[in-house]
Amino acid sequence: MAVTFQGLGAAAALSLSGSFDPNRLHLPCRRSLSVTRLSFVVRLEERIVSGSNLPPRRAQQLVSKAVATKADAASASTASKPGHELLLFEALREGLEEEMDRDPQVCVMGEDVGHYGGSYKVTKGLADKFGDLRVLDTPIAENAFTGMGIGAAMTGLRPVVEGMNMGFLLLAFNQISNNCGMLHYTSGGQFKIPIVIRGPGGVGRQLGAEHSQRLESYFQSIPGIQMVACSTPYNAKGLMKAAIRSENPVILFEHVLLYNLKERIPDEEYVLNLEEAEMVRPGEHITILTYSRMRYHVMQAAKTLVNKGYDPEVIDIRSLKPFDLYTIGNSVKKTHRVLIVEECMRTGGIGASLTAAITENFHDYLDAPIMCLSSQDVPTPYAGTLENWTVVQPAQIVTAVEQLCQ
Amino acid sequence: MATAFSSINVVQHARCDNFSVASRKPSSAFLGSTYSIRLSPSASRSASVSAAVNRKASSVSAVSEVVKEKKQKSVSSGSNLLITKEEGLEVYEDVVLGRVFEDMCAQMYYRGKMFGFVHLYNGQEAVSTGFIKLLKKEDCVVSTYRDHVHALSKGVPAREVMSELFGKTTGCCRGQGGSMHMFSKEHNLIGGFAFIGEGIPIATGAAFTSKYRREVLKEADCDHVTVAFFGDGTCNNGQFYECLNMAALWKLPIVFVVENNLWAIGMSHLRSTSDPEIWKKGPAFGMPGVHVDGMDVLKVREVAKEAIGRARRGEGPTLVECETYRFRGHSLADPDELRDPDEKARYAARDPIAALKKYMFENNLVKEAELKAIDKKIDELVEDAVEFADESPQPSRSQLLENVFADPKGFGIGPDGRYRCEDPKFTEGTAHV
């Protein structure tokens, strides 16, 4: 299914020359944002919106299924458009490959990333192109090879460490917390750690409890790291590139069920901003904050809500640490109601932190208490029915919105 | 010396006579005992333990044997010394610096100038000097919390280390690391780690970078070596084994140095390890395992030459077990009641500084006066370091939020649309992030 959305703000930058400095680009744009509300839209299906204020609301083509499936042939109409279509895992690979071409210090390490091409094929073909040392197949020793990646980052390389499943990175917690997050500070700023730790997480299709973990809540307290979650091929590629170029350690959360999402993305090179949230659907009545796979549940619920006469504003927060309080704040100031929909557990999850942050900063603007829909605090069961009830479903989102908007 | 390592697996000694508690092979004019005697407080226990160890032991200290042979030869030839005068003085200066500095640390700690966990290296100087003095500036050293002397040997000025211990902003890590986290980019000291074992993967990564530079980035002359120091307790930790595997697999230019001082706080090595001979774990992963007398700086240096040479030539890693001893407790907070005073006395008799001095005098390498001059120089250096640290300023509030991120945009975008790091409260250190 094709995914359409708008990207608001100086979130995406197109550069033809390739020698472009995202650092220089975003700050000035940020300042102009408050004045002109410059909106920058990704070209999809020829709908370009420019200018100030809110773009007019239009019928969006929403994903009808929460889980991504292959795009249908209806997108033949896009054949003459610029850009190229690909699946999310291919977008990740494209981003990774471009960065590896650009900078010889970028390397990949992880289990089965080389000859096997990655368990989700994100690194397919890269070992053939770049060699076995640059796309390193490691033994099954997460703590040690993540530490090795950190040591390599400290001594000049820019490794991308893949956890075959995010849950496996629990074994690397020592290295991620103590070394990855802290060493820049502990060394007094002497050593930077430009590492990217990425992998698929989230609740899949009956993968069982241990393969269905959401580590963003466990990692969020670690000082010194940034966390981003991608949700579409467009932002996957952009965030991958941004994460690799960042001097900070970045954890990039991908989702097992989103790898086959198809979308048309620009041919030109672009890098997204790691700290910015993405406006998925502007609205008036309520702000729905979400990330990763829940974005699609939310958009499905939004379809129902629109039919019922509601106008939800959907924001994909993308940056799990730090939160983009500007985009979120502007939305809260407009709608005065907030619903957070996440796949994390309820206790100590991203939603909990987000609720605290919004309450702290925007309490005066709220007309209703913040509602947070999270997964149940339950090890994800194997049975399909039980698993569905563990995560938030669109019907629950609809109910929550109706409740909040009373 | 190439033969030394290959002889490890081949040479078999009949060693039964040397493992009893009471007898020790009388040492030659060469330094100290070449055999390790692992004792536990009770004699009966030690007999059975020694017997058990003896059953497995075969080629322990074979290297020391070779070195001893060399020495015996040199006594006759007179020209085959292990060390030249210049090297001797350099080595002497380094071991004395380590000792005097650590003693001063103890003094300063009890005077309330430094706090927290401070782990002193007294007695183990031979290992640090033996290895690090053979390294180039670009070679990397990774250590544990017992890292003051590794920092000094690697070239970090004593002033910076002392300031760091005092928590002053002029410290090598701006006062943000402390005793257990010494880092120096200039001297390629990549830590200083508080959790044991967590530095070994970092060292493996540094070695990986060296190999990557040579093979992927095609910097043909990049032959940087990484030396990782850690203790006997670490050798029961998973990260150690994971890294031995990876280093041997990819032939990384790294040397794993075990500073086996027989005690992990109060846990005797023999009580915690199924096979106490750590050097044997090297061949299990396909790398040479060497045992050396870690109280003897010249023996350590000989082994180090070979191990570092191997790594530099691209032949892969080496595991070196240095049998050594710490004269003080695990840290300055440790009352050190568990260790047998006899054991301590025995090792005190093998003090590396005394042994080195003896060697240099016996071989007419130096005169008393030269060594005394070095002693004085070091005393003054350490005094100066303390003065410098005393007079240095404490970190100001503005330092609180610096360096958390290499790119401070990582603190995110604030409610007003500006990056948090642009907020003046941020640079003052009063912002709440």
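Residue numbers begin at 1 in each chain, while the letters A, B, ... track the order of the sequences.
Environment of NZ in B/K425: sparse, with no more than 12 heavy atoms of neighbouring residues, nucleotides or ligands closer than 6.0 Å. Other residues, nucleotides and ligands contribute at most 12 non-hydrogen atoms within 6.0 Å of the OH atom of A/Y365. The environment of B/K185 atom NZ is dense: over 12 non-hydrogen atoms of other residues, nucleotides or ligands sit within 6.0 angstrom.
A pairwise comparison of heavy atoms in A/A152 and B/T209 identifies CA-OG1, 3.2 Å as the closest pair. When all heavy atoms are compared, the tightest approach of B/N403 to A/H184 is O-ND1, 2.7 Å. The two residues A/K192 and B/A406 make their nearest non-hydrogen contact at CB-CB, 3.9 Å. When all heavy atoms of A/E276 and B/I413 are compared, the closest pair comes out as CG-CD1, 3.6 Å. Across all non-hydrogen atoms, the minimal contact from B/E242 to A/A141 is OE1-CB, 3.3 Å. Closest of all the heavy-atom pairs between B/Y212 and A/V106 is OH-O, 3.4 Å.
The most heavy-atom pairs under 4.5 Å with chain A, out of B/G197, B/S210, B/G177, B/A206, come from B/A206. Among B/M246, B/E186, B/E402, the residue making the largest number of heavy-atom pairs under 4.5 Å with chain A is B/M246. When A/T146, A/I193, A/N361, A/L183 are compared by the number of non-hydrogen pairs under 4.5 Å with chain B, A/L183 comes out ahead. Top candidate by heavy-atom pairs under 4.5 Å with chain B, chosen from A/G329, A/P139, A/P223, A/G131, is A/P139. By number of non-hydrogen pairs under 4.5 angstrom with chain B, the leading residue of A/Q175, A/M182, A/K333, A/E247 is A/Q175. Counting heavy-atom pairs closer than 4.5 Å to chain B, the top residue among A/F362, A/F191, A/Y185, A/F130 is A/Y185. Highest contact tally toward chain B, considering only A/P249, A/G189, A/G149, is held by A/G189 [criterion: heavy-atom pairs under 4.5 Å]. For the options B/V404, B/L217, B/T204, heavy-atom pairs under 4.5 Å to chain A are most numerous at B/V404. When each of A/A357, A/A153, A/A144 is scored by its heavy-atom pairs under 4.5 Å with chain B, the top score falls to A/A144.
Although no hydrogens or angles enter the test, the distance criterion places no donor-acceptor pair under 3.5 Å between the side chain of B/Q176 and the main chain of A/S187. Of the possible donor and acceptor atoms, one in the side chain of A/N248 sits under 3.5 Å from a partner among the backbone N and O of B/D407. In this structure, B/E198 contributes its side chain and A/N178 its backbone to no donor-acceptor pair below 3.5 Å.
Contacts between residues 156-175 of chain B and chain A, counted as heavy-atom pairs separated by less than 4.5 Å, involve B/C172, B/C173, B/R174. Using non-hydrogen atoms only and a strict 4.5 Å limit, no part of residues 220-231 of chain B faces chain A.
Applying the ring pair (Phe, Tyr, Trp, His ring centres under 6.0 Å) criterion to A/F219, with sequence neighbours excluded, gives A/F173. Partners of A/E99 by salt bridge (charged side-chain N to carboxylate O under 4.0 Å, His left out), not counting sequence neighbours, listed by chain and number: A/R102, A/K241, A/R245.
Of the two parts of A/N174, the backbone and the side chain both hold a non-hydrogen atom closer than 4.5 Å to a non-hydrogen atom of chain B. A/L274 does not touch chain B: none of its heavy atoms, backbone or side chain, sits under 4.5 Å away. Contacts of A/I328 with chain B are absent, with no heavy-atom separation under 4.5 Å from either backbone or side chain. Residue contact with chain A, scored on non-hydrogen atoms closer than 4.5 Å, involves the side chain of B/F195 exclusively. Both the backbone and the side chain of B/L400 come within contact range of chain A, judged by heavy atoms closer than 4.5 Å. For a residue to count as touching a neighbouring chain, one of its non-hydrogen atoms must lie under 4.5 Å from one of that chain's; by this rule B/F193 touches chain A with the side chain only. Contacts between B/L249 and chain A at a heavy-atom distance below 4.5 Å involve the side chain alone, from C-beta outward.
Judged by distance alone, the side chains of B/R418 and A/Y326 never bring a donor and an acceptor atom under 3.5 Å apart.
Going from atom CZ of B/F208 over to atom CG of A/L157 covers 6.5 Å, rounded to the nearest 0.5 Å. In this structure, CH2 on B/W250 lies 8.5 Å from CG on A/D137, to the nearest 0.5 angstrom.
Side-chain contact between A/T155 and B/C140 is present, with heavy atoms from C-beta onward closer than 4.5 Å.
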